[in-house]
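Note that the structure is a prediction, hence the values are computed from the model and not measured. Just so you know, ligand 1 is whichever comes first in the structure, and atom 1 is the first atom listed for that ligand. Note that the numbering runs from 1 along the sequence shown for the chain.
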Amino acid sequence: MQQLTLFDLNDNPPPVEYIPNFLTPDEANELFHHCLILSWQQNNITLMGKTMPVPHLECIYGDAGCDYLYSKSVLLKPLPWTTELLRLRCKIELQTGYQFNIVIANRYRTGLDSIGWHADNEPSMGVSPAIASVTLGATRKFQLRPNRGGKPIDFWLEHGSLLLMKPGCQQEWVHQVPKTSKPIGERINLTFRPHVNGNQS
Ligand SMILES: O=C(O)CCC(=O)C(=O)O
């Protein structure tokens with residue numbers, strides 16, 4: 001398995017690790033098709049008193065009792081793990097050495113679906129969580145920027161890849177998947193996260 005350590009020459013590298021071929025093309029294709037039939041929801045988010053649709057579809061699977069509230073406005077209640085998602089969790093845990101209790105799935109139907117600058121620092125994940133992010137489908141730009149300011153660093157997350165955001169990443173960095181007007185296929189992203197109420201914690 002190819003593993004790249006990025007930003008060796010950068011004096012403030014983000015604490016991430018990118019594995020482009022974490023899944024074989026066949027594994028990634030099968031998982032993409034499985035994910036198309038997950039229970040996708042169009043949720044609304046309230047930011048600064050204004051309620052609007054979340055700019056992508058989402059859903060959550062995981063251990064019972066691991067409800068996930070983000071931006072103080074969107075409450076996700078996990079559905080039971082599917083066999084395919086459990087198998088993927090196991091593979092990621094073996095690769096990374098971290099344990100995960102939930103997976104939040106985001107579905108970007110076109111280039112106009114996106115997720116804005118944010119950090120995944122919800123208290124329900126505990127202190128300084130590691131988050132493992134699998135990409136399926138179209139390649140999209142993913143940007144990381146120090147939360148104290150500075151230039152974004154661009155990644156192109158490919159079909160079947162794994163991006164591990166290590167402990168500290170959510171405390172020091174923010175990230176986003178910006179919109180693009182280029183014609184682009186559908187992308188599904190799976191972020192595996194710990195939860196303080198999880199079976200393994
Ligand atoms: O789609 C991605 O690669 C990022 C997803 C994300 O930032 C999140 O779920 O918090």
Numbering as shown, the atoms of ligand 1 that approach [X] to under 4.0 Å (heavy-atom distance):
X: H175; value: 6 (C), 7 (O), 10 (O)
X: V177; value: 1 (O), 2 (C), 3 (O), 4 (C)
X: N189; value: 1 (O), 2 (C), 3 (O), 4 (C), 5 (C)
X: R193; value: 8 (C), 9 (O), 10 (O)

For the residue pair [X] and [Y], confirm or rule out a side-chain donor-acceptor distance under 3.5 Å.
X: D154; Y: Q143; value: yes
X: H56; Y: N189; value: no
X: H195; Y: D67; value: no
X: R140; Y: T180; value: no
X: T191; Y: S133; value: no
X: T82; Y: H34; value: yes
X: E158; Y: Y18; value: yes

Any pair with a residue in residues 52-63 that passes salt bridge (charged side-chain N to carboxylate O under 4.0 Å, His left out), sequence neighbours left out, goes on the list, sorted by first then second residue, please.
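Output for this query lists D63-R89.
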Suppose we measure from atom 9 (O) of ligand 1 to each protein heavy atom; which comes out shortest, and what is that distance?
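Closest protein heavy atom to atom 9 (O) of ligand 1: N106 ND2, 2.9 Å.
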Using a heavy-atom cut-off of under 4.0 Å, does the side chain or the backbone of H118 touch ligand 1, or both, or neither?
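Side chain only; the backbone of H118 stays clear of ligand 1.
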What part of Q176 sits under 4.0 Å from ligand 1 if we count only heavy atoms: the side chain, the backbone, both or neither?
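It is neither part, as no heavy atom is under 4.0 Å.
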Any heavy atom of I104 closer to ligand 1 than 4.0 angstrom?
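False for this residue.
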Taking only non-hydrogen atoms of H56, do any sit less than 4.0 angstrom from ligand 1?
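The answer is no: ligand 1 sits nowhere under 4.0 Å from a heavy atom of H56.
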As a check for students: among R140, K141, R187, R107, identify the option with a heavy atom nearest to atom 3 (O) of ligand 1.
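Going through R140, K141, R187, R107 one by one, R187 has the nearest heavy atom to atom 3 (O) of ligand 1.
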Considering both backbone and side-chain atoms of Y108, is one of its nitrogen or oxygen atoms within less than 3.5 Å of a nitrogen or oxygen in ligand 1?
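It does: an N or O of Y108 is found under 3.5 Å from an N or O of ligand 1.
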